[in-house]
Amino acid sequence: MSTRLSDYHFSLPPDLIAQRPLPRREDSRLMILRRAANTIEHARFSDLPALLHPDDLLVLNNSRVFAARHSSDDGVFDFLILEKLGPKRWKALVKPARKFREAVTICGVIAEPGERLADGSREILLAEDLDLQRAGAMPLPPYIRRPSETEDDARYQTVFAQEEGSLAAPTAGLHFTAEMLANIHHAFITLHVGPGTFRPVKSEEITEHRMHAEKFSLSQSTADAINSAPRVVAVGTTTVRVLESVYRERGMICVTEGETNIFIYPPFTFGVVDALLTNFHLPHSTLLMLVSAFAGREFILRAYAEAVREHYRFFSYGDCMLIL
């Protein structure tokens with residue numbers, strides 16, 4: 001095991017960071033990691049049904065991303081809207097934060113700087129009650145080096161997205177089509193991805209890192225499906241965090257609604273998740289640490305090195321791996 005940040009590094013050529021989605025969701029490549037045999041295989045995402053057992057249960061995050069990114073009308077400031085604080089009052093991350101001292105306009109509405117908040121965000125005071133969570137652009141992650149486009153409105157959203165509230169897509173679910181999912185036994189949880197997903201681990205000793213709390217819910221029907229499933233396949237790290245958080249707190253999977261700030265890194269004993277479908281994650285990220293806890297750090301870094309050699313596409317719009 002390792003709790004040093006430097007042990008979660010890998011070299012990634014910038015041209016492997018996917019800047020756009022593929023024309024078809026199901027055409028992504030799929031790397032298969034078999035933990036028991038310590039082997040790596042290569043396939044297409046469309047091969048996934050053949051890799052599953054008939055009685056497997058896929059658990060997916062149905063959170064919906066809201067169009068929360070705005071620019072001031074003069075193009076100087078970028079606003080990532082986090083939540084509504086009250087009438088005409090919003091909480092946002094602002095860039096460049098230090099220069100935001102005077103009123104600007106957003107969508108033609110005057111926006112004044114309010115209080116600086118403890119988490120680094122800023123209060124925004126509007127002259128009119130504009131719905132900033134729906135009037136903006138998709139909040140694409142910073143490693144996508146282009147503005148959000150019309151295509152992203154659909155493609156940076158899973159086909160099963162339902163409960164609005166995320167600032168980033170649960171990207172492992174982006175590969176599914178409705179037709180594929182209709183033929184696989186599945187259930188949903190909801191975890192709304194918050195601004196913490198953009199914040200890096202800064203301490204060399206990773207145990208000093210603190211995750212931001214994110215809201216989640218797990219229904220009775222999903223709890224029943226999980227408790228009767230021979231094998232649970234989590235789709236995405238957000239799903240893993242919900243299931244393992246509930247299990248640790250309750251000692252079982254049951255209907256639950258609340259917040260979780262669980263940080264999963266090696267060593268970690270998984271109580272619910274038997275297999276994991278996930279995208280390829282950033283170096284030094286908490287997501288890379290989670291998959292390392294699930295499959296072993298050395299195995300994961302070997303798989304990532306092979307993904308680089310084989311020119312897999314990385315991150316949100318990239319390819320994925322199935323860890324069995």
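- In terms of the salt bridge (charged side-chain N to carboxylate O under 4.0 Å, His left out) criterion, residue partners of Arg89 (sequence neighbours excluded) are, by chain and number, Glu123.
- Across all their heavy atoms, Lys91 and Asp119 have their closest contact at NZ-OD2, 2.8 Å.
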Less than 3.5 Å apart, which donor and acceptor atoms pair up between the side chains of residues 246-270 and the rest of the protein, not counting sequence neighbours?
| unit_1 | atom_1 | unit_2 | atom_2 | d |
| --- | --- | --- | --- | --- |
| Thr256 | OG1 | Cys254 | O | 2.8 |
| Thr260 | OG1 | Ser245 | OG | 3.0 |
| Thr260 | OG1 | Ile262 | N | 3.2 |

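- Using modelled atom types and a 3.5 Å distance limit, the side chains of Asp319 and His175 yield no donor-acceptor pair.
- Between Lys88 and Glu128 no salt bridge is recorded (no basic side-chain N to carboxylate O distance below 4.0 Å).
- Across every non-hydrogen atom of Ile106 and Ser72, the tightest pair is CG1-CA, 4.5 Å.
- We find that Arg146 and Asp152 are joined by a salt bridge, their nearest charged nitrogen and carboxylate oxygen being less than 4.0 Å apart.
- Counting only N and O atoms by type, the side chains of Gln220 and Asp224 include a donor and acceptor under 3.5 Å apart.
- A salt bridge between Arg4 and Asp7 is present, with a side-chain N of the basic residue lying under 4.0 Å from a carboxylate O of the acidic one.
- A tilted orientation is assigned to the rings of Tyr312 and His42, their planes being inclined by 30° to 60°.
- For Phe10 and Phe280, the distance between ring centers is not under 6.0 angstrom.
- Remark: Glu298 CD is loosely packed, at most 12 non-hydrogen atoms of other residues, nucleotides or ligands lying under 6.0 Å away.
- If you run side-chain contact (heavy atoms from CB on, under 4.5 Å) between Phe299 and each of Val291, Ile323, Ile40, only Ile40 comes through.
- Using a 3.5 Å distance cut-off with no hydrogens or angles, the side chains of Asn61 and Thr239 do not pair a donor with an acceptor.
- Residues Glu205 and Thr207 have side chains that bring a donor and an acceptor to within less than 3.5 angstrom of each other.
- The shortest side-chain heavy-atom distance between Met31 and Glu41 does not fall under the 4.5 Å cut-off.
- The environment of Glu102 atom CD is sparse: at most 12 non-hydrogen atoms of other residues, nucleotides or ligands sit within 6.0 angstrom.
- In this structure, Leu52 and Ile184 have side chains that are in contact, with non-hydrogen atoms separated by less than 4.5 Å.
- Using bins of under 30°, 30° to 60° and over 60° for the plane-to-plane angle, the ring pair His186/Phe188 lands in the perpendicular bin.
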Check residues 13-24 and write down every donor-acceptor pair under 3.5 Å in which the side-chain atom is one partner and the other belongs to a residue at least two apart or another chain.
| unit_1 | atom_1 | unit_2 | atom_2 | d |
| --- | --- | --- | --- | --- |
| Gln19 | OE1 | Arg145 | N | 2.6 |
| Gln19 | NE2 | Ile17 | O | 3.3 |
| Gln19 | NE2 | Tyr143 | O | 3.0 |
| Arg20 | NH1 | Glu149 | OE1 | 2.8 |
| Arg20 | NH2 | Glu149 | OE2 | 3.0 |
| Arg24 | NE | Asp27 | OD2 | 3.0 |
| Arg24 | NH1 | Glu26 | OE2 | 3.4 |
| Arg24 | NH2 | Asp27 | OD1 | 3.0 |

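- Each of Glu214, Glu164, Glu163 was compared with His192 under the side-chain contact (heavy atoms from CB on, under 4.5 Å) criterion, and only Glu163 meets it.
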